[in-house]
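Inspection log for the structure reproduced underneath, given as structure tokens.
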Amino acid sequence: MPLALLALAVGAFGIGTTEFVMMGLLPDVADDLNISIPTAGHLVSAYAIGVVVGAPLLAAVTARMARRKVLIGLMVLFVAGNTLSAFAPDHHSLLAARFLSGLPHGAFFGVGAVVATGMVSAERKARAVSLMFLGLTVANIAGVPVATLMGQHLGWRATFLGVSVIGLAAIGSLALLLPRDTAHGSAAGLRGELAALKSLPVWLALGTTVAGFGALFSAYSYITPMLTDSAGYADSSVTLLLALFGVGATAGNLLGGRLADRSMRATLFGGLLSLVAVLALFPVLMGSAWSAAVAVVLLGAAAFVTSSPLLLMVMEKASSAPSLASSANQAAFNLANAGGAWIGGLALAAGFGVTSPALAGAALAVLGLAVAAMAYGVDRRRTPLHTGRVVATHTPRQAETPAHH
């Protein structure tokens, strides 16, 4: 695998850290800015809105730019957002800074996925994507806990300065390691990129992402009360258990990348089926401390097995606009985050029990399977016209064997 993938992983590590660290810093931020914790929670939403807005917008407007310059520019914007967060004088300024920090998130992963797949042979594309995403999953193991501890001991502003340093390291890595000759922009331009999103298969692929990862966040958003109220863990143990989730996510991401290179569709269906099974068993697994720990690892693994095949599926369905499509997939991921948490909260509010968000998640995973099956049916009907799997990069289209269908 090209060393340049390391540069993409460093950027992903910084993005993953700043995305999830705010949850652990909310009490500190609220105390320092004299606001309530629910009001401070809007800072999480501001980042997510930035991702949803910025992912398709920045990918579209930079469609014809050299991708190496785009990636470096996105990390410059990332550093600016986090630096402004560190020096924000009040709540409203911090809201704006968090929105700015979220803008480059989706476009970085979207453009990065196109660059990553363009640097490897056809049979290694999913593994290349999984190595880029490795930075995001490792952030949940190391980046978020360390950044949270830094914020608790040195102040929350120090955390965002630390994340800015990671962003600077990513900029240096991208400038040093990313080959210039692999970073050509799309000739389609803005109109061509937007036109590619009119395809039904693209929307079915994005719908699978929303439902599949909505299943994850339906449960994960309420994992702390499950672990404390049902499994009997102390509050102080939750951080370690969330790191175990990161371990599972990292293993699932790497496994999914390797399996998807053999059969993208089979890996996707297998991952979604595994997610249904794990979430359906959550009420039982949360009955004891040891099985709850296993459940947390399995949840991360089952969900992130699907990350590489989902992204590649979106990219191949929008072969003329891979940057915009893969960026839109990141927006779909964040919609899944918000929607899954909302659906899990409905289950709790209805009085179905502390583990009910996991069962709601299982239902969402079944919906994801249904959407994926619908997408498969559409592909089957189009088989006479499209006989080979195509994964778009900056290079001319390359057909793989029909076995990937």
Residues 71-86 side chain polar contacts: donor-acceptor under 3.5 Å, at least two apart:
residue	atom	partner	partner atom	Å
Asn82	OD1	Thr18	OG1	2.7
Asn82	ND2	Phe78	O	2.9
Thr83	OG1	Val79	O	2.8
Thr83	OG1	Ser164	OG	3.2
Ser85	OG	Gly81	O	2.9

Acceptor/donor pairs from residues 360-374 side chains to any protein atom, 3.5 angstrom cut, sequence neighbours excluded:
none

Seminar exercise, completed: The salt bridge (Lys or Arg N to Asp or Glu O under 4.0 Å) partners of Asp32 (sequence neighbours excluded) come to Arg157
Exercise. Does Thr306 reach the side chain of Thr267, with side-chain heavy atoms less than 4.5 Å apart?
Worked result: no
Report, one line per pair, each donor and acceptor closer than 3.5 Å where one atom sits in a side chain of residues 135-147; sequence neighbours left out.
residue	atom	partner	partner atom	Å
Thr137	OG1	Leu134	O	3.1
Thr137	OG1	Thr250	OG1	3.1
Asn140	ND2	Leu136	O	3.3

Exercise. Taking only residues two or more places apart in sequence or in another chain, which ones pass ring pair (Phe, Tyr, Trp, His ring centres under 6.0 Å) with Phe282?
Worked result: none
If you look only at distance, which donor and acceptor atoms sit under 3.5 Å apart when one is on a side chain in residues 219-227 and the other is two or more places apart or in another chain?
residue	atom	partner	partner atom	Å
Ser221	OG	Phe217	O	2.6
Tyr222	OH	Ala341	O	2.6
Tyr222	OH	Gly345	N	3.2

Exercise. Got a sec, which pairs hit ring-ring contact (aromatic ring centres under 6.0 Å, His included) with one end in residues 104-147, sequence neighbours left out?
Worked result: Tyr47-His105, His105-Phe109, Phe109-Phe133
Exercise. Under the side-chain hydrogen bond (donor to acceptor under 3.5 Å, both in side chains) test, which residues partner Thr208, sequence neighbours left out?
Worked result: none
For this session: Quick one: list whatever passes side chain to side chain contact (heavy atoms under 4.5 Å, CB included) with Ala46, sequence neighbours left out.
Result: Leu95, Arg98
Problem set entry | side chain to side chain contact (heavy atoms under 4.5 Å, CB included) against Ala336, all qualifying residues, sequence neighbours excluded | Phe213
For this session: Kindly write out the residues that satisfy side chain to side chain contact (heavy atoms under 4.5 Å, CB included) with Leu285, not counting sequence neighbours, or none if the list is empty.
Result: Leu281, Ser291, Ala295
Problem set entry | Counterpart residues, side chain to side chain contact (heavy atoms under 4.5 Å, CB included), relative to Ala234 (two or more places apart) | Ser236, Ser237
